[in-house]
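Throughout, numbering of the chain's residues begins at 1 and tracks the sequence. These numbers come from a predicted model, not from an experiment.
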Amino acid sequence: MNTKNTSEEFDYIIVGAGSAGCVLANRLTADPSKRVLLLEAGGKDSWIWFHIPVGYLFAIGNPRSDWCFKTEPEPGLNGRTLAYPRGKAIGGSSAINAMIYMRGQAADYDHWRQLGMTGWGWNDVLPLFMKHEDTFLGDSEHHATGGELRVEFPRVKWEILERIREAGAQTGIPPINDFNCGDNEGSCYFHVTQKKGRRWSAARGFLKPVLHRQNLEVETGVLAEKILFEGKRAVGIAYRHNGALKTARARGEVILAAGALGSPQLLMLSGVGPAEHLKAHGIPVLLDKPGVGENLQDHLQLRLIFKINGMQTLNERYHSLPKRAMMGIEYALRRTGPLTMAPSQLGFFTRSDRDQERANIQFHVQPLSLDRFGEPLHTFPAFTMSVCNLQPTSRGTIRLKSGDPTSAPEIKLNYLSTEEDRRVASDSIRVVRKVAKAPALAQYQPDEILPGPSVGDGEDELLKAAGDIGTTIFHPVGTAKMGLPSDPRAVVDERLRFIGIDGLRVIDASIMPTVTSGNTNAPTIMIGEKGAQMVIEDARK
């Protein structure tokens, strides 16, 4: 990856080499006549823990691999501040995420279409998911092989997860074979973005195979400071590398792919966003755009932990030096075992109450427990059942803390700020407890240690507990949402063109009008695929 001083012109400048940015770089350089510059604030992914799947335990919270953002104190979480991980390398958060391949529900995308976003319904986006898929399931009406994104079945088994799956079935959550056919209600082992026991990030799948292309330049360790404009047209990027300010110009388009935090932050630093907020930081207003940084959504997870007896979990193996050594040997020789583990192996999608039209909560089930990521596993056998509201109605914001580009953004999620979200949170804990009390788990004597037996099933008690144990599941979206030009909060149109500025698009998770029902990496990669397709189509007009 050559880093050179450049003031030359490119056809496209992409800011951000995350899940969407890597796809964009791949697709836009397929035409050798188009020159592309890809800018990434993080570094290379040469650290070993970017590639061994269990490395998320060491990567999250580590400033080498994580930007280590913090939220503002959250009233809905009883005033707590949360760590807010974001990947700090090529591949973006796909370099440190859970590796779970989850498209969401057909109804998510059909809802976008119903909002007026032509071309974004389930039947529209399914071929785009399949275009870059290479799945162990083989070719079918829902899946494909031969693409850049490898998807595999987990390479480790835990007996306790089988018993939990049986408990789910006993409480009305039936086993299914695939979460990715449009209706994910039921239980299934998560399919993961791995290849032969190694993490398969967006950088490995899409970017590294095309680094040899002469029309692609990638610069890492650079901070984009400002979009350059001529009138109301984006014409380039000013960025800093090793203390030196550099510029690059785009004769085609500037494409923001810096994610739900980075893209709105760069827009506001460039004078595009809520006018009064920009003025408060001394930033000249180019375009008053109140929707920039609004509409922030995330899946709040409630982590319930159960201590058990008579069944092995990862906790004991982790704290035994001989067993830990055997895990390393198994991985080295066979690329199987606990070192291949995603953070969660088993998933449930179900309804928090009978009145829900579709599955609205998701379980991430783990044969382990810990106080928080980045800290050691507990010493006793236990499992964790995290549950999250898939369709939250609470909305937060991304704002500037200052006009300094090196300053982290202000992150306010406003979790549990609506009555509906509070009700779903309480009901979710009840659903988890119901599964834990099912006959299939009785012999293991599950003992709830978080939030704990002192918390009853009353609404006030459960809501207080949700505020105490709730945390992010790392799925921020929506801060530069798609919408109709008549929507004053819309930032981009259905072709991801910035409304009110020419030559500028946003192509990443920030364009989602509403969050998808599940893990968001696969949808973000799809957005990169669809966005690249539209850039190419529009350039031919």
Side-chain angles (χ1 to χ4, degrees), residues 52-57 98-102 136 151-171 173-179 186-194 196-199 301 303-331 333-349 362-370 373 376-387 432 435-450 519:
I52 298 176
V54 81
Y56 68 87
L57 287 171
M99 297 165 284
I100 292 172
Y101 183 76
M102 184 67 57
F136 75 101
V151 179
E152 296 188 346
F153 194 79
R155 299 167 71 91
V156 62
K157 293 182 179 180
W158 295 93
E159 186 66 23
I160 187 62
L161 297 183
E162 279 296 305
R163 303 290 80 79
I164 295 171
R165 198 177 188 196
E166 289 177 13
Q170 290 170 345
T171 59
I173 306 171
I176 62 174
N177 295 323
D178 186 0
F179 279 142
S187 73
C188 185
Y189 286 98
F190 289 124
H191 302 162
V192 292
T193 48
Q194 295 180 11
K196 297 180 180 179
R198 300 193 66 180
R199 174 187 290 273
Q301 69 168 336
R303 295 176 60 248
L304 280 78
I305 296 175
F306 297 87
K307 185 177 181 180
I308 59 172
N309 292 293
M311 178 66 78
Q312 186 183 72
T313 70
L314 182 61
N315 289 5
E316 313 92 90
R317 294 186 68 179
Y318 176 82
H319 286 285
S320 165
L321 288 178
K323 290 181 179 179
R324 198 186 302 182
M326 288 303 298
M327 288 190 283
I329 293 170
E330 180 181 3
Y331 183 78
L333 296 178
R334 297 164 51 191
R335 291 291 188 266
T336 60
L339 268 67
T340 68
M341 282 175 56
S344 303
Q345 294 77 53
L346 177 64
F348 292 174
F349 286 82
Q362 176 185 5
F363 285 38
H364 288 79
V365 188
Q366 306 160 328
L368 56 87
S369 64
L370 69 171
F373 283 112
L377 302 182
H378 293 147
T379 57
F380 47 80
F383 64 83
T384 300
M385 283 198 284
S386 295
V387 61
V432 173
V435 173
K437 292 176 181 177
L441 291 172
Q443 64 176 308
Y444 309 113
Q445 303 172 305
D447 180 16
E448 182 184 308
I449 62 172
L450 191 72
N519 308 73

> Would you say Arg334 has more than 12 foreign heavy atoms packed within less than 6.0 Å of its CZ?
Replying inline: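 No, CZ of Arg334 has 12 or fewer neighbouring heavy atoms, counting only those of other groups under 6.0 Å.
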Do we see a donor-acceptor contact under 3.5 Å between the side chains of [X] and [Y]?
| X | Y | result |
| --- | --- | --- |
| Gln194 | Tyr101 | no |
| Thr379 | His319 | no |
| Glu316 | Thr313 | yes |

> Phe179: what forms a ring-ring contact (aromatic ring centres under 6.0 Å, His included) with it, not counting sequence neighbours?
Replying inline: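 Counting only residues at least two positions away or on another chain, Phe179 forms a ring-ring contact (aromatic ring centres under 6.0 Å, His included) with Phe190, Phe349.
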>> Could you work out, with ring-ring contact (aromatic ring centres under 6.0 Å, His included) as the rule, every residue matching Tyr331, not counting sequence neighbours?
In response: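 With neighbours one apart ignored, the set is empty.
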> For Glu330, what residues pass the salt bridge (Lys or Arg N to Asp or Glu O under 4.0 Å) criterion, not counting sequence neighbours?
Replying inline: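 By the salt bridge (Lys or Arg N to Asp or Glu O under 4.0 Å) rule, Glu330 matches no residue at all.
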Does any non-hydrogen side-chain atom of [Y] lie less than 4.5 Å from one of [X]?
| X | Y | result |
| --- | --- | --- |
| Ser344 | Phe363 | no |
| Tyr444 | Asn309 | no |
| Trp158 | Gln312 | yes |
| Pro338 | Val54 | no |
| Arg165 | Val365 | no |

Indicate yes or no for a side-chain donor-acceptor contact from [X] to the backbone of [Y] under 3.5 Å, with no hydrogens or angles considered.
| X | Y | answer |
| --- | --- | --- |
| Arg155 | Arg335 | yes |
| Arg303 | Thr384 | no |
| Asn315 | Phe380 | yes |
| Thr340 | Gly337 | yes |

>> Please evaluate residues Phe383 and Leu441 with respect to the criterion side chain to side chain contact (heavy atoms under 4.5 Å, CB included), reporting the C-alpha separation (whole Å), side-chain torsions for both, the decisive distance (0.1 Å), and the verdict.
In response: CA-CA 11 Å; Phe383 64 83; Leu441 291 172; 4.2 Å; yes
>> Just verifying a value: how many Å separate Ile100 CD1 and His191 NE2, rounded to the nearest 0.5 Å?
In response: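 Here the rounded value is 11.5 Å.
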